[in-house]
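A short worksheet on the structure shown next.
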There are 2 protein chains.
Amino acid sequence: MNAVASKPPPENNLNERLAHSGLRLTPQRQQVHEVLREKMDHPTADMVFMRAKAKMPEISMATVYNCLDALVQCGMVRQVTLDRGATRYCPNMQDHSHFYCDECGSVHDILQTISPEDADIKLPRGFRLKNIETNLHGLCPDCAAKAK
Amino acid sequence: MNAVASKPPPENNLNERLAHSGLRLTPQRQQVHEVLREKMDHPTADMVFMRAKAKMPEISMATVYNCLDALVQCGMVRQVTLDRGATRYCPNMQDHSHFYCDECGSVHDILQTISPEDADIKLPRGFRLKNIETNLHGLCPDCAAKAK
DNA sequence: TCTCAATTTAGAATAGTTCTAAATCTTGAC
DNA sequence: GTCAAGATTTAGAACTATTCTAAATTGAGA
């Protein structure tokens, strides 16, 4: 487990990714990751807990938070924050943005982003930009249809 | 107070805006709005409460939330959500984006946005886009300097 | 096998927000 | 001006989301 710092391209499998961040692969982390990939509906920690519990009854809420944090830390999962509500989790690490339905609160992946170049963002002196998060707000197809 | 619905361009002063949404101008709402404009550092509800309390000692937390909601509802204030923490409030209604410092958590207004046209976002069928929120992540000047 | 550090666990604690019911204020009708 | 109806404020309780704590468990390396 040396030469870790010298491995520039992070791997795409869970084990490698965790190791790369100095974290271990545990059954719980695996389970949480699976839950996220199984139904990519941007669940809250609570929803992840319930789904994981169905398969692994002894898992605890604290562990779910730990696991989610570990997955976020090692770059396998993204955190998604909507107004005032609980944080949601997204295992899609492709560059994409999120569409929030103002009506029903559902979240949808939109496979299109605005790159820093496209955006032509000119920051004041001193700021160091790492990434751009784009959130789209409006009505999802269902709610748009209902709204006449 | 009729003909309200027939007034298409919303006014820019607090009273008009509130009225336009069927809300009243109260001393508390005025105070909360002032607090926000006085120091535009994207305070949390709690910070707003403390600052408002300094000038208006009888004001309660519930009222601060009510007022913030009213101000958001009538379009005088924007809600800003950062990862997992408390919601922040921004009285700058100019089109702008927010820069979050990953290090110190500070929030900065960046007077540049990506319009739906510029972005050239193509949504799947049925979605109705209302607005785009752009959040920039990275290091603020202070933290960038410290980070060598 | 032993030791040490990482991880998990249950439950307590905290933070952020919303709810409730009573009191107060405002507005429009008379 | 007076009154009723509805909006708003208030304190505090309740609730939800998240973090902390301390003990138990696990796993890796010596």
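Just so we're on the same page: letters track the sequence lines, and every chain starts at 1. Bear in mind that the values here come from a model prediction, so they are computed numbers and not experimental data.
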Exercise. Given axes from five pairs at either end, by how many degrees does the helix from C/dT1-D/dA30 to C/dC30-D/dG1 bend, rounded to 10°?
Worked result: 30°

Exercise. In whole angstroms, how far is the P atom of C/dT18 from the CG atom of B/D46?
Worked result: 14 Å

Exercise. What pair of heavy atoms forms the shortest contact from B/Q30 to B/L14, and how long is it?
Worked result: CA-CD2, 4.0 Å

Exercise. Along nucleotides 1-12 of chain C, 5' to 3', which nucleotides get a B, which get an S, and which get a -, given that the test is a protein heavy-atom distance under 4.0 Å?
Worked result: -----SSBBBB-

For this session: Measure the distance from CZ on B/F49 to C1' on C/dA15 and round it to the nearest whole Å.
Result: 15 Å

Exercise. Do A/V48 and A/Y65 have side chains that get closer than 4.5 Å, going by heavy atoms?
Worked result: no

Problem set entry | For atom CE of B/M47 and atom P of C/dT17, their distance in whole Å | 13 Å

Exercise. Would one find a side-chain N or O of B/T87 under 4.0 angstrom from OP1 or OP2 of C/dT17?
Worked result: yes

Problem set entry | Nearest non-hydrogen partners of A/M40 and A/D109, listed with the distance | CE-OD2, 4.4 Å

Exercise. Looking only at heavy atoms, what is the nearest atom pair of B/R128 and A/F99, with distance?
Worked result: O-CZ, 3.7 Å

For this session: Report yes or no: does A/R17 contribute a side-chain atom to a donor-acceptor pair with the main-chain N or O of A/C74 at less than 3.5 Å?
Result: yes

Problem set entry | Euclidean distance, atom CZ of residue A/R88 to atom C1' of D/dA17 [Å, nearest integer] | 13 Å

Problem set entry | No-hydrogen, no-angle side-chain donor-acceptor test under 3.5 Å, A/E133 and A/N131 | no

Exercise. Does the side chain of A/D41 come within less than 4.5 Å of A/M47's, by heavy atoms?
Worked result: yes

Exercise. In terms of ring plane angle, is the pair A/F127 and B/H108 parallel, tilted or perpendicular, where the classes change at 30° and 60°?
Worked result: perpendicular

Exercise. Which whole-number value in Å describes the distance from A/Y89 OH to D/dA17 P?
Worked result: 12 Å

Exercise. At under 4.0 Å, does any side-chain N or O of B/Y65 touch on OP1 or OP2 of C/dT17?
Worked result: yes

